[in-house]
Amino acid sequence: MKATTRDQLALVSTATLCTALFKRGLRHQFLQNVHPLNATLPNMVGEAFTLRYIPAREDLNTLSVFQDRAHPQRVAVETCPSGAVLVIDSRQDARAASAGSILVSRLMKRGAAGIVTDGGFRDSPAIAALPFPSYHQRPSAPTNLTLHQAIDINVPIGCGDVAVFPGDVVVGDGEGVIVIPAHLADDMAAEATAMTEFEDFVTERVMAGQSIVGLYPPTDPETLPAFEAWRQGDRQ
């Protein structure tokens, strides 16, 4: 991902990105039932690095499996690239945890940009206190082994009813998480930045008492010239 793209996506909302993608015919890129543990953190932006769980089978998922240094969950945490977002397919099942605070802390220390699951996290109060963007469905104390078997790393997955391919660009804010196909990331960043600037202008005018009719969308002939003047610094 280009540095300029990352910087632009860090300053736009998932709502604006949803609209920008809608214009391209992509209507279902926002993860369903996935929420921030700490909605006050800055935007999460990074390329997707994925982990896939399948339903656990009791004879294969005892606590002793974590002694195996090749266990996929542990390997994913230790190989997720700096600047990437670890996205976990937990089959939208939050009855058992996808990870806990120690693994999330390790990801943070390794320089990851964030973590996302459509399941739940254990130790969620501790994760919420970290300066690290983390998104899940809801808190879940039971160990992942109760229901989940980590099986694949960095393959296409589903998360929150959205297809996530390795390298897709993942953006999270206080509302949730959106996935941008990798080949559209630069265009979406630029378009969403322009949309955000116009929306800031509209918000200022609305707060000053102006009607949205003709302003949003800008169908009145004077709206766009007024916006251009505002952009040039005449923000009175």
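For reference, positions follow the sequence shown, starting with 1.
No side-chain heavy atom of Thr223 sits less than 4.5 Å from a side-chain heavy atom of Arg205. Side-chain contact between Met207 and Glu204 is absent, with no heavy-atom pair separated by less than 4.5 Å. Residues His35 and Asn33 are in side-chain contact: their nearest non-hydrogen atoms beyond the backbone lie under 4.5 Å apart. Between Ile157 and Val87, the closest side-chain pair of non-hydrogen atoms falls below 4.5 Å. Considering only heavy atoms from C-beta on, Ile153 comes within 4.5 Å of Phe49 through its side chain. Gln73 has its side chain out of reach of Ser98: every pair of non-hydrogen atoms, C-beta onward, lies at least 4.5 Å apart. Side-chain contact between Pro36 and Ser134 is absent, with no heavy-atom pair separated by less than 4.5 Å. Using a 4.5 Å cut-off on side-chain heavy atoms (C-beta onward), Thr203 and Tyr216 make no contact.
The list of salt bridge (Lys or Arg N to Asp or Glu O under 4.0 Å) pairs with a residue in residues 36-63, not counting sequence neighbours, reads Arg52-Asp152, Arg57-Asp59.
When atom types are taken as modelled, the side chain of Asp168 and the backbone of Ala182 share a donor-acceptor pair closer than 3.5 angstrom. Gln29 contributes a side-chain N or O that, together with a main-chain N or O of Val179, makes up a donor-acceptor pair within less than 3.5 Å. Distance alone, capped at 3.5 Å, is enough to place a donor-acceptor pair between the Gln32 side chain and the Phe30 backbone. Side-chain N or O atoms of Gln137 include one that pairs as donor or acceptor with a backbone N or O of Asp118 at under 3.5 Å. Remark: side-chain polar atoms of Arg6 are not paired, donor with acceptor, to backbone N or O of Met1 under 3.5 angstrom.
Summarising the geometry, atom OG belonging to Ser90 is positioned 12.5 Å from atom CD1 belonging to Ile54; distances are rounded to the nearest 0.5 Å. Atoms NE2 and CG, on His148 and Asp89 in that order, are 9.5 Å from each other to the nearest 0.5 Å. From Glu197, atom CD reaches atom CG of Leu11 across 12.0 Å, with rounding to the nearest 0.5 Å. Going from atom CZ of Arg24 over to atom CG of Leu184 covers 6.0 Å, rounded to the nearest 0.5 Å. Atom OH of Tyr53 and atom OG1 of Thr117 lie 7.0 Å apart (nearest 0.5 Å). Residue Asp186 holds its CG atom at 8.5 Å from CD of Gln8, rounded to the nearest 0.5 Å.
For the residue pair Ala150 and Leu51, the shortest heavy atom distance occurs at CB-CD1, 4.2 Å. Scanning both residues, Leu86 and Ala76, for their nearest heavy atoms gives CD1-CB, 4.3 Å. In this structure, Glu199 and Thr16 approach most closely via the heavy-atom pair OE1-OG1, 3.0 Å. In plain terms, the two heavy atoms of Ala94 and Gly119 that are nearest each other are CB-C, 3.8 Å. Pro181 and Leu26 make their closest contact through CG-CD1, 3.9 Å (heavy atoms, listed as atom of the first residue, atom of the second, distance). Taking both residues in full, the closest heavy atoms of Gly46 and Ala113 are given as CA-CB, 4.3 Å, listed atom of the first, atom of the second, then distance.
Summarising the local packing, CZ of Arg95 is surrounded by 12 or fewer heavy atoms from other residues, nucleotides or ligands at distances under 6.0 Å. No more than 12 heavy-atom neighbours from other residues, nucleotides or ligands sit within 6.0 angstrom of CD1 on Ile102. The environment of CG in Leu60 is crowded: more than 12 heavy-atom neighbours from other residues, nucleotides or ligands sit within 6.0 Å.
Hydrophobic clustering, with ILVMFWY side chains joined whenever heavy atoms are under 4.5 angstrom apart, keeps Val12 apart from Phe201. Residues Ile178 and Val34 fall into different hydrophobic clusters, defined by Ile, Leu, Val, Met, Phe, Trp and Tyr side chains chained together at heavy-atom separations under 4.5 Å. There is no path of hydrophobic side-chain contacts, each under 4.5 Å, that joins Met108 to Val85. There is a path of hydrophobic side-chain contacts, each under 4.5 Å, that joins Ile88 to Ile127. Under the 4.5 Å side-chain contact rule for hydrophobic residues, Met195 and Leu17 do not share a cluster.
Leu147 belongs to no hydrophobic cluster with other residues, because no ILVMFWY side-chain heavy atom falls under 4.5 Å from its own, directly or through intermediates.
Note on ring orientation: taking the six-membered ring where Trp is involved, the planes of Phe227 and Trp230 are parallel (angle under 30°, cut-offs 30° and 60°). A perpendicular orientation is assigned to the rings of Phe66 and His71, their planes being inclined by more than 60° (bins at 30° and 60°).
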Verdict with supporting geometry, Arg69 and Arg74, side-chain contact (heavy atoms from CB on, under 4.5 Å):
CA-CA 7 Å; Arg69 295 191 177 198; Arg74 268 44 177 181; over 6 Å; no
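Of the N and O atoms on the side chains of Thr14 and Asp173, at least one donor lies less than 3.5 Å from an acceptor on the other residue.
Partner of Met44 under the side-chain contact (heavy atoms from CB on, under 4.5 Å) criterion, chosen from Leu9, Ile115, Val171, Val116: Val116.
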